[in-house]
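Small disclaimer: the values here were computed from a predicted structure and weren't measured.
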Amino acid sequence: QVQLVESGGGLVQAGCSLSLSCAASGRTFKDRNMGWFRQGPGKEREFVAAITRTGYTYYADSIKGRVAISRDKDKNTVSLRMDSLRSDDTAVYYCAATPRTAFYVSDSYLATQDSYVTWGQGTQVTVSS
């Protein structure tokens, strides 16, 4: 089993950068594809970014160019760096893990919430304008 704990959220000013971290416990972390999702006030939860077990990265079009996802298999962590933050980036950010998969998975698989079986509790990011 993998358990996920996010950290790094907080209140930031528009235009600034922020890095979120997700600490994973469990021996099978290296075999999981990892994703970040977010849910803004009054909005549905949406896909932000994902990184596969092989290091392939995929981003939502709406935020591509302002975010970078990375993982450290030795430290069992996944990070999300966000630049040029805007007020509409305000949301609870969730880290999630898929089950063990084959080396190749599609972009649509990575962007689909139902692909993920383990979720963190979320970390709040509030961007002030």
Side-chain angles (χ1 to χ4, degrees):
Q1 281 285 10
V2 171
Q3 292 183 321
L4 306 172
V5 178
E6 303 96 334
S7 62
L11 176 64
V12 295
Q13 288 189 327
C16 291
S17 299
L18 186 69
S19 289
L20 305 179
S21 184
C22 173
S25 62
R27 292 179 297 172
T28 62
F29 169 75
K30 63 180 179 63
D31 298 328
R32 310 295 187 100
N33 307 295
M34 303 296 297
W36 284 95
F37 290 78
R38 68 183 181 184
Q39 186 167 17
K43 298 180 181 180
E44 299 285 325
R45 189 161 59 185
E46 64 177 358
F47 169 74
V48 176
I51 185 165
T52 68
R53 56 184 296 192
T54 62
Y56 170 77
T57 58
Y58 180 61
Y59 300 97
D61 288 341
S62 61
I63 203 167
K64 189 183 299 182
R66 296 195 297 118
V67 297
I69 188 171
S70 60
R71 69 190 297 168
D72 186 327
K73 292 185 178 181
D74 292 330
K75 295 182 179 179
N76 278 12
T77 58
V78 178
S79 298
L80 183 73
R81 177 179 171 85
M82 299 183 289
D83 297 320
S84 303
L85 285 164
R86 310 185 306 219
S87 57
D88 60 357
D89 292 319
T90 293
V92 178
Y93 284 74
Y94 297 91
C95 176
T98 71
R100 296 178 65 181
T101 65
F103 285 117
Y104 170 77
V105 291
S106 67
D107 291 345
S108 60
Y109 175 87
L110 294 172
T112 302
Q113 295 187 48
D114 288 345
S115 301
Y116 297 81
V117 295
T118 305
W119 293 81
Q121 82 289 351
T123 185
Q124 176 71 47
V125 174
T126 302
V127 183
S128 64
S129 57

CD1 of Ile63 to CG of Leu85, rounded to nearest 0.5 Å, is 8.0 Å

Can you measure from CG (Asp107) to OG1 (Thr52) and round to the nearest 0.5 angstrom? 10.0 Å

Same cluster or not: Val92 versus Val125, using hydrophobic residues (I, L, V, M, F, W, Y) connected whenever any side-chain heavy atoms lie under 4.5 Å apart? no

Between Arg66 (side chain) and Ser84 (backbone), is there a donor-acceptor pair under 3.5 Å? yes

Give me the atom names and distance for the closest heavy-atom approach of Ala23 to Thr77. CA-CG2, 4.3 Å

Please check if the side chain of Thr98 supplies one atom and the backbone of Asn33 the other of a donor-acceptor pair under 3.5 Å. yes

Is a donor on one side and an acceptor on the other found under 3.5 Å between the side chain of Tyr116 and the backbone of Ala111? no

Test: ring pair (Phe, Tyr, Trp, His ring centres under 6.0 Å). Region: residues 87-110. Which pairs qualify, not counting sequence neighbours? none

Using 0.5 Å steps for rounding, measure from the CG atom of Leu80 to the CD atom of Glu6. 11.0 Å

Using the side-chain contact (heavy atoms from CB on, under 4.5 Å) definition, which of the options Cys95, Ser70, Ser19 pairs with Ser79? Ser70

For the student: nearest non-hydrogen atoms of Ser17 and Asp83, plus distance: OG-OD1, 2.7 Å

What pair of heavy atoms forms the shortest contact from Leu4 to Ala24, and how long is it? CD2-CB, 3.6 Å

Within the 4.5 Å heavy-atom criterion, are Asn76 and Lys30 side-chain neighbours or not? no

Quick one, Arg45 and Trp119 - any side-chain contact, counting heavy atoms below 4.5 Å? yes

Looking at Val5, is its backbone amide N or carbonyl O close enough to the side chain of Gln121 to form a donor-acceptor pair, meaning the two atoms are under 3.5 Å apart? no

CZ (Arg81) and CG (Leu20) are apart, to the nearest 0.5 Å, by 11.0 Å

With sequence neighbours left out, write down each residue that passes side chain to side chain donor-acceptor pair (under 3.5 Å) with Ser62, or none if nothing qualifies. none

Judged by atom type as modelled, is there a donor-acceptor pair below 3.5 Å linking the side chain of Lys73 to the main-chain atoms of Arg53? yes

Are Ile51 and Leu110 linked, directly or through intermediate hydrophobic residues, by side-chain heavy-atom contacts shorter than 4.5 Å (ILVMFWY only)? no

Does atom CD of Gln3 have more than 12 heavy-atom neighbours, drawn from other residues, nucleotides or ligands, at distances under 6.0 Å? no

List the steps and the verdict of side-chain contact (heavy atoms from CB on, under 4.5 Å) for Arg38 and Asp89. CA-CA 9 Å; Arg38 68 183 181 184; Asp89 292 319; 2.9 Å; yes

With sequence neighbours excluded, what pairs up with Asp61 under the side chain to side chain donor-acceptor pair (under 3.5 Å) test? Lys64

Main chain of Val127, side chain of Thr90: is a donor-acceptor contact present, judged purely on distance under 3.5 Å? yes

Please enumerate all residues that pass salt bridge (Lys or Arg N to Asp or Glu O under 4.0 Å) together with Asp74, with sequence neighbours excluded. none

Under the rule for salt bridge (Lys or Arg N to Asp or Glu O under 4.0 Å), what residues qualify as partners of Arg32, not counting sequence neighbours? none

Just grab all the ring pair (Phe, Tyr, Trp, His ring centres under 6.0 Å) pairs involving residues 38-77, residues at least two apart or on different chains. Phe37-Phe47, Phe47-Tyr58

Measure from the side-chain N and O atoms of Gln13 to the backbone N and O of Ser128, and report whether any donor-acceptor pair falls under 3.5 Å. no

Distance from Asp72 atom CG to Phe29 atom CZ, nearest 0.5 Å? 8.0 Å

Hey, is CG on Asp114 packed in by over 12 heavy atoms from elsewhere, all under 6.0 Å? no

